[in-house]
Each structure stands twice: as C-alpha cells, then as structure tokens.
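In the text below, chain A, chain B and the rest are named by the order of the sequence lines, each starting its count at 1.
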Amino acid sequence: MKTEPKIVAFLCNWCAYAGADLAGVSRISYPPNIRVIRVMCSGRVDPAFIVGAFEMGADGVFVGGCHPGDCHYISGNLEAEKRIKNTQRLLSMIGLGPERLRLEWISASEGERFAQVITEFTENLRKLGPNPFKAQVNAKSHTDMKKVISEAIKKTNVQYCLECGKCSASCPISKVNNAFSPRRVVERTLLGFEEKVLSGTDVWTCLTCFLCSERCPSDVRFPEFIRDCRRVASQKVMEELCAHRGIPTTLSRMMTNPKIKQDRMDWLPSGAKISARGDTLYFVGCIPYFDVIFENFNLELLKIPQSVVKILNKVGIEPAMLSNEKCCGHDLLWTGDLENFEKLAKTNATDLKKTRATKIVTSCPECYRTFKKDYPEVLGTFDFDVLHISEFLSELIDKGKLKFDAKLSTKVVYHDPCRLGRHMGVYEPPRKVITSIPGVKLLEMPRNRENAICCGVSAFMSCNKYSKEVRADRLKEAKATGADLLVTTCPHCQIHWKCLATEKLPTSSDSVSMDMQDFAVLAAEALH
Amino acid sequence: MESSEEVPRIGVFVCHCGINIGGVVDVPEVVEYSKTLPGVAYAEGNLYTCSSEGISKIKEGIAKHNLNRVIVASCTPRTHEPLFRAACEEAGVNRYLFEMANIRDQCSWAHMHEPEKATEKAKDLIRMAAAKARLLKPLEEPEIDVTPSALVIGGGISGMTSALCLANQGFKVYIVEKEPKLGGMLRNLNKLYPNMEDASEGLSQIAKRMKSNKKIKVLTSAAVKQVKGFIGNFEVTVEKANGKAMNFEVGTIIVATGATVFEPVGMYGYGEHENVITQLQLEQLLKKGQLKKPKKVVMIQCVGAREEKGRTYCSRICCTTALKNAMLIKEKCPDTDIYILFRDLQAYGTHYEDLHRMAQGKGIKFIKYVLEKPPQVIRGENGRLMVNVCHALLDEQVKISSDLVVLSTPLIQQESAKELSQMLKVPLGPDGFFFEAHVKLRPIDFATDGIYVCGTAHSPKDIAESLSQALGVASRAAIPMAVKRLKVEAITAVVDENLCSGCGTCVKLCPYNAIQKDEKGIARVTSVVCKGCGTCAASCPERAITMQHFTDEQIMAQALAALGRCVA
Amino acid sequence: MTFEPRIVGFLCNWCSYAGADLAGVSRIQYPTNIRIIRVMCSGRVDPVIVLETFINGSDGVLVTGCHPGDCHYIVGNFHSERKFRMLKKLIALTGFEQGRLRLEWVSASEGARFADLVKEFTEQIRKLGPSPLFNENPNPNLLENMLAVQMAAASFRLRVLVGREKSLVEEGNVYGEKMSQEEFDKVMDEAVTNEYLRSKIYLMVKKEPLSVKELSKRLDVDSQEALRHIVAMRRRGMVTASRVEGATPLYAALEMIR
Amino acid sequence: MRAHKSVLVIGGGIAGIQASLDLANRGLKVYLVERTPSIGGRMAQLDKTFPTMDCSMCILAPKMIEVLRHPNITLLTYSEIEGVTGSVGGFKVKVLKKPRFIDENKCTGCGECAQYCPTEVPNEFDMSLGIRKAIYIPFPQAVPLKYAIDEANCIKCGLCERTCKAQAVDLDQEPETINLNVGAIILATGFELFDIKSISEYGYGKYKDVLSSLEFERLICASGPTGGHLLRLSDGRIPTRVAFIQCVGSRSLRGGVRFCSSSCCVYATKEAILIREHNPECEVYIFYNELKVFGKGFQDFVKRARDEWGVKYVRALPGEVMENPETRDLTISYEDTEENMTKSMTVDLVVLCPALVPRVTNKELAGILGLELDEYGFFKSRDILYAPVDTNKQGIFICGYCQGPKDIPESVAQASGAAAKAAEAIQLTKNKGVR
C-alpha cells in the first residue's frame, strides 16, 4: 500500500494559521497529511527547521505567511521569502528538489485558498514519491563511556600529563577565557571526574587547533582526546553550542544516505574541462553548500573550485570530479558522530575508486586531513595520493610545469590554517607558491607556521564572544603586518572571519576589516 | 740549616717577558737598581726567565756567584713559583730560599700607560722581595710514613664496596659493623629499581666476595671506641659486643655509617591506625609477600621532610621509592587504585623520570599538595580511612576513602654519629649528616686529612650514587697509602713554648684541628696536619706562634721596604 | 709636587692575589700606588702588623681576602673580619682617619673589581692627604696614640677576646652558655678602651714617673678611673710606684719581659 | 706481559681533572686528552657554583694548574682519540694532536701575538658573546697557557710570527699522531646543550634577549664579555625584570629528551640570586614545572633564594615568548598552575635552561672503544646498581655527566670512583698478567 506523504507546515499566527482555522470553520476539507506548527511569523522559520524536518523524513515542508504588506511584523514575511528561496537551493543541491518546500501567502480570510494549496501540494508530493531520506534518523548507537575515555587517555598520551600548564598558556581560548584550561580538563579526567567533564561545555570549547599539543612536552594530543570525549559527551550541550544551527552537520548526515542524488556542479564555468575518470581527481568539498548557506557574507567561495579547475586546465590536467560528491565527514568526526563519519568514508572510498584516480587534490585542508589521516584509520586502507592544492602547485613549479605569467603587485600575509599547518605539517608549499608569483611580497605574522593561532572556530562549534576575540586578535595581527591581502588555504577561515564582520565586534571594526582571499584564487589570478 | 746563618747572597733575575714587562718597565734600570740593594750579590735581565734558557741562567748564576737566595722578578708565583723553586733546588739552594716579585701581572700589565711609575713600582717590589729574601729560612717538607691499611666504619653496601675496592688495590682493610651481620639498610629492602632484582641477590654476591678476600678483616657486632693520631698513623680501638677490645693501626679512615629512617609517630594517624604504615614497612610487606590486596592505597610524600624548620632537607629517595612500590603493588593487584600525594616529585635523571612515566602509564594517580595544606587522614564511619587532600593544581578538595595509607619518611642521621664525629674531629652539617671538606670539589673528603665519607652518612642517596662515592673514597684513601711516604706542607706554624700561656685560643681557631694542648697545657702544632693559613699566629694572645715562611718579621720587612724604610 | 699616596696591600694568595693577577692579565689599568704583599690567608694579617705599617708611614692599608664561604682555609676570612672590627674600634680612639684602613673581599675572577677598588681607595687616600704621622709637620700625640693602640692590639686580653669571639658567640663558653653578639660587643668595647688607656698610661710613665692626678689630666679621664687602670697595671706588673712626692705616689713603667 | 701502570683519561673537564689527579697522586702515569686548547671544561665557563656561591674559577684554577705541573700527568690538549686496540692492562691508543701552529715548548703565554692579530672571532668559551683573535687562548686562566691559531679563521698574515719574541709561532705545524700504551681508560666527555632553537615558541635565536643559561653565566661573570655587567644584548639596557624558564627540551616526549638534567632548578636559583646580588632593583622569576632540588643543602638554598633574596618561583611552563619590536620587551604567556589563572608577564630578559644532553660524538667514541650507549645516548654502566662506573668493556670506566645527569660534586666523587676502579683493574691484571 502506498505511503501517504507527511507534510510539516509552519503557519504564521496572524494570517496563515487563521486562514487554516477559517477553512475548518467553513467546513472546507483538505488532505489530512498536513501537521501544523504555529509560529508567530513566517520570518521565524529557520532553514534549520526545514532541513531538520527533511532529515527526520518529512516528505514536504509548507510555510504559510501573510501577504506582502500585511505582515503583522512589517517585513518578517519578506525575510522568510529570501530564506525559503535559499533553502530551496540547498534542497535541490542535496537532491530533494525545491518543490518539496513550499511558501505561500495566505490571509486570514483565505480559508478556501489554504485548503486548495494544501491539496495541491499534497498531490505534488504524491507524484514526487516519498522523501528518500525517510527513516534516516541517526540515533547514536550506545557507546561505553568509561571504555572510550580510558582508551582515549592511553591513546592520546593524556596519561603522561605533567600538569605544567603549557597547554593552557598556549591555548588561544584559555588566554581570553580563564574558565577553560586543557590542563584542568585532563587532570579532572585522570582523577576520575569524567562525567563532570563530559556534561560540561569544555569538551565543546576546544578549537582542536593543536597548538597545545604542538607544544606539550609530554606529547599529550589534547584535541584528539577531545574528539574521543565528544563521542560520549552530552549531545544536548553540543546542540546548544552548535553554530549556524548545525545545518552543515545536518547536510553531512543526510549525505550518508546511499540514495542521495546531488546536483552540485552548476558552479562549473562553461569551457572548463573536467572528466568523470582520470588519474588526478579534484575533490571540491562542501563549498557549493557553503556558498548558499553563507550567501549573505558574499564570500564568492565558488571562485575557489573555479580557480582550481582553471589552474589544472592551464597545466593540461582535466581533473576527474564526482558529480555526486559527498562530504568528507570532517565535522561529523570532530563533533563525535563516528558512525556517520564511517558511513561517509565508505561511500566516498567506493565512489573515488570508480574514478580510477590515484591522486586526490583538495582545496580544503579539512578534506585533506580527513582523507590523508582519518580515512586510513577508519577504513584500514585508503590508497590514494592525497595532496593539498598548495602542495600540488609547488610540485608543478619544481617540475617547471607551472609558471605564473600575470604580475600582481600586492603585499600578502599568509595565515596557516590549523588543519593544513599543525595537523598535517604543511607550512612551506603555500609560501613557496605565493612567493613565486611575480609582484607578490609575502609578509609573516609574528605567530606563523607551527606557532600560528586558529582563525577562531572549527566544526562550527562554540562560536561565542571568546572565539570572536580570537578571530579579531588574528585579524589585527594580520593587519599589523601592513599587508593588503590576507591569504588562507582554508575556506572555513574566511567564513568565520567574515561571519565576525557581520556581528557585533569586541573591537572597532576597521581594526579587523581586511581584504581576504583564498590561496587558490590568488594563484589563479596570477595566470592569464 | 747553616745557609740561613751565613750572610745572604741574593741573586735577582729580572724578566722582560718579551715586551710584556720590557715594553713598560725599564728592565736594565731595574737590574742596576737591584744590584744596589742590601744582600744582593748579583742581578741580571732575561728575555724569558721561565724559558729553558732562563732556567739555566739561574742555575749558572747560583754556581758562579755562590748565591744562597734567589729572586725572580717576572709574573705571578701562583703559576711559576714551583718552576723556579725546582730550578733553585737543582742548583743546591733550598726551595724555600726563593722569592718572587710579580712585576708583570701586578705591574707592567696594570700600569701600561705609566712607564716611569711602573718602573718605580717594579723597583719597590724587588726591594720588598729582597727584604723578605734576606730573612728567609730554609724549610724541609716533613715526610711521614703511611700505614697501608684502612678502617671502614660501617658494613653497609657503601662500606663493603669501599672495602673490596681497597683490598683489590692491595691494602689491608678493617671493616667495623655494629650489627651482627653485614649489609646495612639493603637487608631491609625488597626489589631494586631499575632492574627490579632482589636486594638480597646483590647482597649475597658482595658478601661472597667479602668472605673470599683475604685482605679484609670483618668485625661485626663491634664499634669504634677510640681513634688517635693523624693521617698515615691512626691508632684505632674497636670494642666487640662481648666487651673485648682490640687495637690496630691504620693509615686512613672511611666513614660509611649510613643512615636510618625517620619514624613518623603521631603523624597522619601513624601508630594509631594499623593500616597507616611507613614506606619501609610496605617494602617489608612486599618482600615477605604479606600485603593483602588493598582496594585503594594512598601514599603521602615528604612526611617529616622538607619542613619549614628542623628537617628542612629533601631525602632524595622517597619519591622514587614510592613510585617503585606503587608499581610493585600494581603488578600484584592491577585493579588497586593508587594515589601518590606529593609536593614536588623528585624523580630526576634518566631512569627515575621514566619510572614516573611508567607509573602514570599504569594509571597511578598523582595529586600535588602544598606544605601549608597537608592532607588529613581520618577514620571514616565504615572503619576505612578517609584521606582529604587539597589538589594544589585544581584548588579542589579531593576525598579518597582508602584501606592503606603509606607514609614516605626521610632518611636521618644515626644517633651514634655525634659521638663518632667528636671522636674523629670531623663535623656534622646542619642537617645532621657528615659535613665534607668542600661541598663542590671535595665532596667525599673531610677537612682533616686521611678521613673520608661516603654513602648515606654524607646525605640521602640511592645505591648507584652511594657506590659512586664508595668507590670514590676507595681512591681518595688509596692515594696516601699507595705513595707510602707523604710529603706535607712545610709552611706551618710553630709554637714558642716559652711564650705560650696555654690559653687555647689557637686550638679553637684552627680549622684543621692541627693544634692540641699537650700534657703541660702548652699548645703543640701537629705540623703534618697544619695547612699554614697563619690565622693562629695572627691571633695568638702571647704572639707565641711563628708562621714559617710568612713570619711577622718577614711580612713587616716587606711592608717597611714598600714604605722605603728599608733597613740595610 | 703632587702627593702620591703610599698604600700597602695585604692580599690572600688564593682569591685576591689571583684577582689582582687577573686585572693585569685583562690589562685593566689602576694606579701604581699600591704595594702588594702576598699572605696565604687574610686571616694571617695581624692587626699589630697593620698598625706597624701605619706607624712606619703608610698612607693607607688595604687588606683583601676571599669572599665569605670561599676561604681556602674554610673560615680564615671570618677571623680576619673579627680582627678588623677590633682594629677599627681601636683606631677610632686615636683620631687617626679610619678611612685609611680597608678590608674587602675580592675573588679570583674579579680582576676588574680589584682595579676599581684600588682606584677608588687611592683616590680616597689622596683626598685624606699624607698620613698625619708622616706629613711635613707630624702630630706627636697622634703617633703616641697609635703606638698605644699597637700595644693594645698586642695585648693578651684583646687578642684572647677576638680569638674566642666565634666560639663564645656561636659555640658557647666552658659552661656551654652562648653570648649574644651584643653582649660580646659590649665586653669588647669596654676592653678596647681600657687596654688603649692602659697602653697610653704605660707609654707615658715609661718617659717619666707620673701621678694619678697628672695622668687623669693628660688622658682627660677622672682620676678615679686613672687609678683603676694603675691598679690593674700594677697587678700585671706593668707599672710600679717609683717614689712618693708628698702624699702622691708617682708611677713608673716596668720593663715587660716577653 | 705485565700491565701498563698508566691510564688514559678522555676529557679535561672537572671529572677528567679529578680522575687524573687522583691517579697521578697515587703514582700512576696519566695521559689526559682534551679536545679543546685548554682543560677546564664546563665548570670553567661558570661564574659561581651552588649552593655555596663559590667563584667557579677560584676553586677550579688551582686544580687545573696542579694537572699541568704534575710530573705523572701528560696533558694532550687540542687532541682527539683516533683508535684503541688491546684489552685491560694493555690498551694501545692512537691520539691525534691537532696542529696548534704554536711550539708549546717555546710559547710563554705572554699574549703579545694576540695583541697584534688582526682577525677577530666570536669566542666559543664566552658562548660567542665575546670576541677573541684567530691566535688565542680560550680564557685568561687557560691551562696550558699556550696560544693556538685556529686555522679556519687565520688569514696567515704572519704578524704573530713577527711579534713573537719567543719564536713560538710555527705556521707549518702538521697534525701528529701519538701512540700510547695504557692499562686502563677513563671517559669523562661531559655534556652539550640541547638545541633550544627547536623550541620555537620561546624565540631563542629570533629574539636577542632570550638567552641560554650558559650564555647567562658568561654575561654575569666578572671575567666575561661584559665584565660581569648583566646587559640586554638588544639595546645594552640593564634589565629590571628577568625570567628563567626551566625544562627547555628536557623531560619531554616530543621534540626533546625524556630525562631530567637534574641540576637546572638549582643552578637557575643560583643565577637568580646572582642577579639580585648585582642589582637588587631587578625582579627575578623562575618558571618551573617540578622544582627538583634533592641534593645536599639544596632545599635550604632555594628557601634562602625565596625568603632572603626575594626570587619569585612560578609553577608554570610558559606557552610562548613574544617580543615587542619597538621596546624589545618580552611578553611571556603562562598559566599559574597554583592559581589556575592564565596570565602574561612582560620582562626585559628571558633565560632558557636547556636540557643538558650527552655529546653526539659519544657514538663515534663508543665505536672506537667498543662501548655501549644507553637509550639516552649516555655511556652505559655495566650494572646500573652495583657497577656505575664500569662499562661493558673491562678496563674502561666512565664518570661525570657522560654516564648520566649529575652535578659537580657527584661528578667529582664519581671521577674518584672511576680512578679507583682503574687502579684496581691495573693492580688485578698486574697480578694475573694481560692475556
């Protein structure tokens, strides 16, 4: 028997909800599939609710608001309209299609219209068939907390802590927030107070930037310890501390679904040469999604993959690419969702093998680390030669296969992203490439390479006043060098810095406002 | 001796030292001046008096002008006196009839821009030297015979090691142990870190070697009752438990009396609760295999050590002993929780640092506390012990209910030490341990020649450290015994018994106990023990003490000469 | 012509003498005025010798030894410090400038410090001018006083006190009672003044027999005290009543046998 | 064949000196081989020594001179071991004597040559803070007091040759190989400093006012490059606040060495007191993790430093040191672990106490002698408990820091110990004879 579409409807209190009531009062019947959630204004409906609803298996989401101009809150409905459009882009990209999400203006007097719209929407959904993600609810399988922790203590050298405090003295967060101290987290756990630790916020405050473990004389790998803690730490606390309402991680989880059919290649410029198979594969990462999610930061993130492809073509490489590329799973791994991470790892591995590629080039340090370090660990084998674009380019330069022909006269300061730098020890290749661009002068911040500090946020966790201070601090440091342009190899740094600019600042905005650009984009600009 | 009676005939040799002196001081003028000085029979200048050529010049001079005093005016006696002294001796002039004038380091170099004044000063310096030279008396460095046998006091691992090493070097050794058996502290110990072998193993091996060695005479249940004499010639009286006394002569004495463990009566409920014990008692339980699986063990470090006053010192071995025993317990009962409450964990060097890490790896928990907030041990209602401690690095109170509390207490000096120190006239330090001649460069000698110290009698230390010292004293003591005859300092004090009133001031002042009152109550200098500082001479109320080679007359003569009041 | 101080330096062999050498080795320049006498230990420098040096016309005396704790002879320099405390007390009584005498610690590595010390001390003496005992018009009373001081410094009593100071203050006396430094200094000060006055008396009556009255005048102390000293000196066989003028006995010095 | 009654001592530091003197004084022949132009080793570089604050050179120099003058000691400076064959009682040793370009018998150490030598070179003895000439003695009290020309920097101008009245300069001197027969061998090769540049967060090598503790010793030493005045090398200012950082490269499982150098906490305390002595206005902080002061009298020493000298101890290993490019001041970030507070402190000068590590050349030497090194690179004791100075090879003994971390008195005592074992070995083989 055919399953009935399940529809979640968010109706604004003043118009749409009243309209629905009227339909009832007027005894106008409409399909029973709809489940109404009353909100004060359609502007209240967060994309995260919608995406969340779909992850939970809704076949359609309906949003009803007042007609333009009638909004009880003046312009809430217009806000909603923008968001819905934006969310529809996400949905089509992830492969659900825009039509499963519907926004309608329904006034309090339009009971009939309400019934009509719902009936029609239900019909369409019937045609579309059930939400492929139905029943993809990822209830965490139970894990033995004590075991996880005691193993972590050994595995990550936490047991060897000498209580010297060098970690806390290095941690960019501890510096601005005394309440957080890696040392104290470690000592409490060692003394057997792990419950206290896991139910607190500390586990989620760590930037996992690896500065502490870079310096720890006892080689305590605190960020890895934290990663393991997060597997068994309170999810409630995590959800409270999760930035951008967790859309990125939600999307990642959705991608674990084998049935998924994404449509994510529309950024590819006409004339760009790519192939489905080939020796060198370019792994784009979540940038297309970010471009939508962080639309209002106007980051032009899509320039990154476009630039990469441009450069590759320029040196005669037609990179293989996955049209249905899945998230590498980095954020899931670092927020403690090992199960889903493993799923993604497996599917990615199989998809990647199909391309017959031997080399994987990434423009994102997170994908880079995840492929190079974490996949081999969870999968046992992952025999691809994984390169960050900066490594790839500097190799080309060495081989004389790449020469920058455009002269750009600018002073550039390079920021080492934690994932590329301390996590993977890639410090010199980006610098090498940048310095080989004619007319570019490379400046260094006092804290560079292994001593660089984090952009301020990772895995979209704990975006708060402290992480803001860290971000501002780093931007100031960059600005102080007198450079015109701040270059990073990680799109996330840009997101978090730009995000800072959209919020209330701990300091004067011009002290931190700085032109920034991705490494790949800069490199591409240096080519005619 | 007669050379002192005869008229002084002084030869002065003035060194140019290249241009180091010659470039500033007018050497020819100085030479001419020297000739005019009373008692000077000959003077010449040399390019380098210290060169082999210069040396032969001195010898020639002595022969040609039959000189009986020699002055070299050049650099500093600190480096060159012995060289020139030797030259004099070879030419038949007693080495103590030589005097030096330092006209380079303390004249030409220090006054490079004032040649005239420097030249004047050089003359004065030579005049002063001449003034002293006239009064110099020949001295002989007395030689003493050294009895080629040693007394080792204490039959612990240190004493035995010293004894064996000395015996193997061919010396007779008497080793005196108060207990009926050799072995000392080691007999109480269980396993030894790092190789975790039984203490008894090493002991039995050494005991074997002791027995088989014919040069070693072992005296157990015995104590040293009296020691007389000085280096090379000590007369020792030892009393056996059976009251029989025996006397023998030795050339050197080694103090290896070890230490004992502080008993923390009344601290942390020790002596009150039967399951509050000391680290040493734990060691015994483990040794005898009598430790019944405890659930939670708490070890407290620095019990009665590193206090504000009193026992302020660190006993060095307690932290590592605690670590070792914690590991042994873990080995026996892996699911026992062990807490070590420490102040500063003294796990130093290579292996101990590793031991600390191994303990961490075994899940042993470490809690730092501070002297101001010591842990408390109370008996909980369920009869178990409750240890409350303030975690100094979290500033949080931690409560541990435990069924065994182990107190790490320091090594302390034996009661018998005071008596021994007075018998041997060797000092005890503020911490009660024997006090060496110089903390830095003479760590195992006493200021008194011929007596040495090693092992935990000197300060708390582990076995390897004790043995390094034990072997060390085996070398220090062997030196005088190997050379058999000992030349000792000639520059010594002598007492004029007609002037001495026996006030005893000098006896108290002498840092080397070189002065004793004889039966007549007159001060007597044991010249072989005297080092010649002259403090006694400068302080003698009757001015009855003459400091040879630095007599009042000689020093005054120099002073007067310096002031141009030179009496011809 | 300008005044060139005549300075005598007593340097201990192990630290200060080596330090002076180092000054030379490092070519650090200092005034030529000092004449150095090497002794094995600063503890060897007898106050009597220092005074003799002054009496014979030295404008300044510099004594240097190892820093406390460095002494080659363990504690020699502590003893010299004690002797110097007494010496200074004595000189204070005479009116002879104290600044002409100095005790300092110089280690074997302090070449520069030695040079500075000599520079500074020479300047100090230059300011003080020629020794009042030896300038163009020497002061006879001052010489008298210095001779008295020298005699006092040679006296059994003061030397015993200095020699025993350490044991008395740190180890305790025959009854095992320790003396506080203050108590000791009190005893010492008193002894210093007494021995000084007695020495003066001795030197005066050595020239001519004098009455207690006359002595008290010349010493400008009340006659009671003068008498007290005479009594003490008689007991020591230093003086005797030579003859009686009317009712007042005159006292004369006895040759002291050593 | 009878055993040779002679001993080879490798290394002219305090341990080597003590071993040599003990053996020579008891009538055995000693060959003391030292790599550099002078004996004295690390101790000669120190200003004062803890806990007595003895002037290091004052107590060391007499021993150095005694070595030079001892009839039973042959001193081979500026020399290295080339090869060793044979066994206890009968070792054959090849020693390479590097050319000094000076006739040691003629040179009187007057130093005239150095006055004229035109080439200035940073003086290694002063940790390259001071300068020396290409013809030089490492330090004024050098033993032997014989000059040496360092070939690398000499410009062969010949001025020295002309100025030397003693005609001691010999620019065509050749390296010479000396063959020795000895009954036993003692190693005392000491230590070197861990490369603290690699702990980049502390800025050594990047910031002028971040010093190593040994550089500090030279700076504070009266006979050092600044004549004992503690100055900032960046701008010559007198520091008013100095911080010491302990455990730089030691007690580390990452980028350092595992072990504890065992003396840093105490010598840092000494150095801190020295600063307070020189300039009571100057505040001194010691950043430590575990205060390891277990030696005789050390606790009282630290107590005095704290109570009488006002040295401040902070239990924290700083995270990083940052320089303010204008003022040259250094900001230290740290967590005061006893207050649970992350703080920062601005100072004028930072002194890093590096791990003291076994010499890299030990490997080569061990190869030549057939010795084992332990897992840390120290020479391995035959039995860590009962035979600390014996090695896996009969007749070869070790003492001082090259056997494991220790301070001066421990090295001196152990050196005597090695001497005793060497004498014993010779005595026993004399009885048995050499196989």
Mind ranking [options] by heavy-atom pairs under 4.5 Å with chain B and telling me who comes out on top?
options                          : value
N33(C), L22(C), I34(C)           : I34(C)
K83(C), R35(C), M40(C)           : R35(C)
T53(C), L158(C), V45(C)          : T53(C)
C12(C), A115(C), P31(C), G111(C) : P31(C)

Got a second to check how far [X]'s [atom1] is from [Y]'s [atom2], nearest 0.5 Å?
X       : Y       : atom1 : atom2 : result
T535(B) : H79(C)  : OG1   : NE2   : 5.5 Å
L509(B) : K166(C) : CG    : NZ    : 9.0 Å
C41(C)  : M547(B) : SG    : CE    : 10.5 Å
Q106(B) : T32(C)  : CD    : OG1   : 13.5 Å

Quick one: what part of [X] sits under 4.5 Å from any heavy atom of chain B, side chain, backbone, both or neither?
X       : answer
V8(C)   : side chain
V61(C)  : neither
A18(C)  : both
R82(C)  : neither
N13(C)  : both
P47(C)  : side chain
F114(C) : neither
I7(C)   : neither
I36(C)  : both

Within 6.0 Å of [atom1] in [X], more than 12 heavy atoms from elsewhere:
X       : atom1 : result
K508(B) : NZ    : no
E419(B) : CD    : no
K88(C)  : NZ    : yes

Can you give me the closest heavy-atom contact between [X] and [Y], atom names plus distance?
X       : Y       : answer
I37(C)  : Q558(B) : CG2-OE1, 3.5 Å
Y73(C)  : G532(B) : OH-O, 4.2 Å
W109(B) : G24(C)  : CB-O, 3.3 Å
A538(B) : G43(C)  : CB-O, 3.2 Å
L563(B) : R6(C)   : O-NH1, 3.1 Å
R159(C) : A537(B) : NH2-O, 3.5 Å

- Item | Greatest number of heavy atom pairs closer than 4.5 Å to chain C - which of G534(B), A129(B), C533(B) |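 Ranked by contacts with chain C, first place is C533(B).
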
- chain C: which of K117(B), R78(B), M128(B) shares the most heavy-atom pairs with it under 4.5 Å? R78(B)

With a 4.5 angstrom heavy-atom cut-off, is it the side chain or the backbone of [X] that approaches chain C, or both, or neither?
X       : value
A118(B) : backbone
N498(B) : neither
S108(B) : neither
M112(B) : both
H113(B) : both

Any non-hydrogen side-chain atom of [X] less than 4.5 Å from a side-chain atom of [Y]?
X      : Y       : value
R44(C) : I555(B) : yes
V48(C) : R543(B) : yes
E52(C) : D552(B) : no

- Query: Does H111(B) use its side chain to pair, donor to acceptor, with the backbone of Q29(C) at less than 3.5 Å?
  - Reply: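 No.
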
